[in-house]
There are 2 protein chains.
Amino acid sequence: MAATTQQYTYPDRDEIRIEAVLAALADPVRLDMVRQLAEPGTEISCSGFAVAVTKSTLTHHLRTLREAGIIMGRQQGTARYNSLRRNDLDELFPGLLQGVLAARR
Amino acid sequence: MAATTQQYTYPDRDEIRIEAVLAALADPVRLDMVRQLAEPGTEISCSGFAVAVTKSTLTHHLRTLREAGIIMGRQQGTARYNSLRRNDLDELFPGLLQGVLAARR
DNA sequence: GTCGTTGTTCGATGGTTGTCGTAGTTCGAT
DNA sequence: ATCGAACTACGACAACCATCGAACAACGAC
C-alpha cells in the first residue's frame with residue numbers, strides 16, 4: 001500500500017510534544033527544510049526541497065517532521081505540498097520558531 | 001587528571017550553534033534539568049538536580065548542556081554550581097527558551 | 001592521616017537513527 | 001496501455017547516544 005495519494009494522520013495540536021519538536025529540529029537537514037518553509041505562505045513539494053539527500057531519506061525526514069507536528073501536507077495530483085504548522089507551534093511554544101529561525105546560518 | 005576542581009572551557013557566545021542547542025534540549029532528562037534551572041538566579045549543583053539517573057549519566061548530560069552553550073558552572077569547594085546562560089541564549093535565539101519553557105509538562 | 005562527599009573518566013551495552021539502494025504504488029500524459 | 005514522474009515502504013548498515021557500574025581524583029571535616 002501507500003504511495004502518493006495516501007492520506008496521513010497528523011497529531012492534534014494538544015498532542016504535539018516539545019521533545020519530539022526539538023528532536024525533529026535538531027537535525028541539520030530537517031532544520032534546513034524548515035527554513036525553506038519559513039516564509040509565510042510557502043508550500044514545497046517533496047521534490048522541491050533543496051537538500052543533499054536521496055528521495056528515501058527525504059521521505060524519512062518528512063515523516064519525522066510530520067509526526068512531530070511541524071508540517072502538514074496538501075495533496076494535489078501526484079504532488080504533496082508541505083507547509084509549516086506555524087499557528088499551532090506559535091500557540092503551543094510562543095517564540096520557539098522565531099528563535100530557531102533567528103539563528104545565523 | 002580531572003575531578004571536581006577541573007576548570008572547563010565554555011563556548012563563546014558566537015560559537016553556540018542552534019543544532020547543538022536543540023539536540024541538547026531534545027532529551028527529556030536534560031530538558032527537565034533546564035526547567036529546574038529556569039527560575040532566574042537559580043544555581044543547582046550536580047547532586048542537587050532531581051533526576052532519575054545515576055551520577056555518571058548526570059555528568060554526561062551536564063557535559064552535553066555545557067558544550068552546547070546552555071549552562072555555565074561556578075566552582076565552590078567540592079561543589080560545582082550550574083546556571084543557565086540565559087542572556088547568551090536570548091541574544092542568539094530570542095524567544096526560543098521562552099517557547100520551550102512554555103510547553104506543558 | 002582517614003573518611004565521606006562530590007564529581008569525573010572509562011569501558012561496555014543496548015537502542016535509536018540517518019543514510020542509502022531497491023522495489024513498489026499512484027497518478028497524469030502521451 | 002505504456003511511460004515517466006512523484007512519493008513511499010522495506011531491509012540493511014554504520015554511527016551515534018543514553019545508560020550503567022566500577023574505579024579514580026580532589027576537597028573538607030574530624
Side-chain angles (χ1 to χ4, degrees), chain A residues 1-10 17-34 36-37 43-68 70-83, chain B residues 1-10 17-34 36-37 43-68 70-83:
Chain A
M1 75 157 88
T4 311
T5 322
Q6 184 72 10
Q7 191 69 2
Y8 285 129
T9 61
Y10 298 93
R17 291 168 308 132
I18 182 65
E19 293 92 345
V21 171
L22 292 170
L25 294 176
D27 184 88
V29 175
R30 288 193 291 262
L31 183 57
D32 209 48
M33 294 168 68
V34 169
Q36 295 177 38
L37 289 171
E43 285 185 323
I44 303 181
S45 70
C46 187
S47 61
F49 284 99
V51 291
V53 294
T54 62
K55 282 182 188 176
S56 54
T57 302
L58 184 58
T59 296
H60 161 67
H61 286 311
L62 283 171
R63 179 175 50 193
T64 302
L65 289 171
R66 166 167 39 88
E67 293 178 348
I70 298 179
I71 63 174
M72 278 196 53
R74 182 176 62 87
Q75 192 71 30
Q76 179 168 335
T78 64
R80 185 189 303 273
Y81 289 95
N82 303 282
S83 57
Chain B
M1 70 158 97
T4 310
T5 322
Q6 183 74 9
Q7 192 69 5
Y8 286 128
T9 60
Y10 298 92
R17 293 167 308 134
I18 183 64
E19 293 92 346
V21 171
L22 292 171
L25 294 177
D27 184 87
V29 175
R30 288 193 291 263
L31 182 58
D32 208 49
M33 293 167 67
V34 169
Q36 295 177 38
L37 289 171
E43 284 185 324
I44 303 182
S45 70
C46 187
S47 60
F49 284 100
V51 292
V53 293
T54 62
K55 283 181 189 174
S56 54
T57 303
L58 185 58
T59 296
H60 160 67
H61 286 311
L62 283 171
R63 178 174 51 194
T64 302
L65 288 170
R66 165 168 39 89
E67 293 178 348
I70 298 179
I71 63 172
M72 277 197 53
R74 182 176 61 85
Q75 191 71 30
Q76 179 167 335
T78 63
R80 187 188 304 274
Y81 289 96
N82 303 282
S83 58

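Below, read A as the first sequence line, B as the second, and so on, with proteins coming before strands; counting in each chain starts at 1. None of these values were measured; they are calculated from a predicted model.
In this entry the distance linking CD of B:Gln76 with C1' of D:dA26 reads 16 Å, nearest Å. Atom CG of B:Leu58 is separated from atom P of D:dG21 by 14 Å (rounded to the nearest Å). Per the geometry, NE2 belonging to A:His61 stands 16 Å off C1' belonging to D:dA9, to the nearest Å. Distance CG (A:Leu25) to P (C:dG18): 12 Å, rounded to an integer number of Å. Between the CZ atom of A:Arg74 and the C1' atom of D:dC7 there is a distance of 16 Å, rounded to whole Å. At whole-Å resolution of the value, CD in A:Gln75 and P in D:dA6 are 13 Å apart. For the pair B:Met33 CE and C:dG7 P, the computed distance is 11 Å after rounding to whole Å. Straight-line distance from the NZ atom of A:Lys55 to the P atom of C:dG18: 21 Å, rounded to whole Å.
For B:Cys46, the listed nucleotide lying nearest its side chain is C:dG7; candidates were D:dC27, C:dT9, C:dG7. Of the candidates C:dG7, D:dA9, C:dT6, C:dT6 carries the atom nearest the B:Thr78 side chain, counting heavy atoms from C-beta on. Nearest to the side-chain atoms of A:Val53 among the listed nucleotides C:dT19, C:dG18, C:dT6 stands C:dT19. Picking from D:dA9, C:dG18, D:dT8 the nucleotide with the shortest atom distance to the side chain of A:Ser56 gives D:dA9. Taking the side chain of A:Val29 as heavy atoms from C-beta on, and the options D:dA6, D:dG28, C:dT19, the nearest nucleotide is C:dT19.
No side-chain N or O of B:Ser56 forms a donor-acceptor pair with one of B:Thr59 less than 3.5 Å apart.
Dashed line: the shortest gap from a side-chain N or O of B:Thr59 to OP1 or OP2 of C:dT8 is under 4.0 Å. One finds no side-chain N or O of B:His60 lying less than 4.0 angstrom from the OP1 or OP2 phosphate oxygen of D:dC20. Side-chain N/O atoms of B:Arg63 include none lying less than 4.0 angstrom from OP1 or OP2 on C:dG7. Applying the 4.0 Å criterion to OP1 and OP2 of C:dT26, one finds that A:Arg80 has every side-chain N and O outside that range. For the OP1/OP2 pair of C:dC20 and a distance below 4.0 Å, the side-chain nitrogens and oxygens of A:Thr54 include at least one atom meeting the criterion.
Residue-level contact check: B:Thr64 touches neither bases nor backbone, having no heavy atom under 4.0 Å from any strand.
Test A:Ile44, A:Asp32, A:Leu65 against A:Leu37 for side chain to side chain contact (heavy atoms under 4.5 Å, CB included) and you get one pass: A:Ile44.
For D:dC13, the paired nucleotide is C:dG18, the pair qualifying as Watson-Crick or G-U wobble because both relevant distances are below 3.5 Å.
With contacts defined as side-chain heavy-atom distances shorter than 4.5 Å, the pair A:Glu43/A:Arg74 qualifies. Using a 4.5 Å cut-off on side-chain heavy atoms (C-beta onward), A:Asn82 and A:Ser45 make no contact.
Put simply, the side chain of B:Arg66 never gets that close to the backbone of B:Ile71: no donor and acceptor are under 3.5 Å apart.
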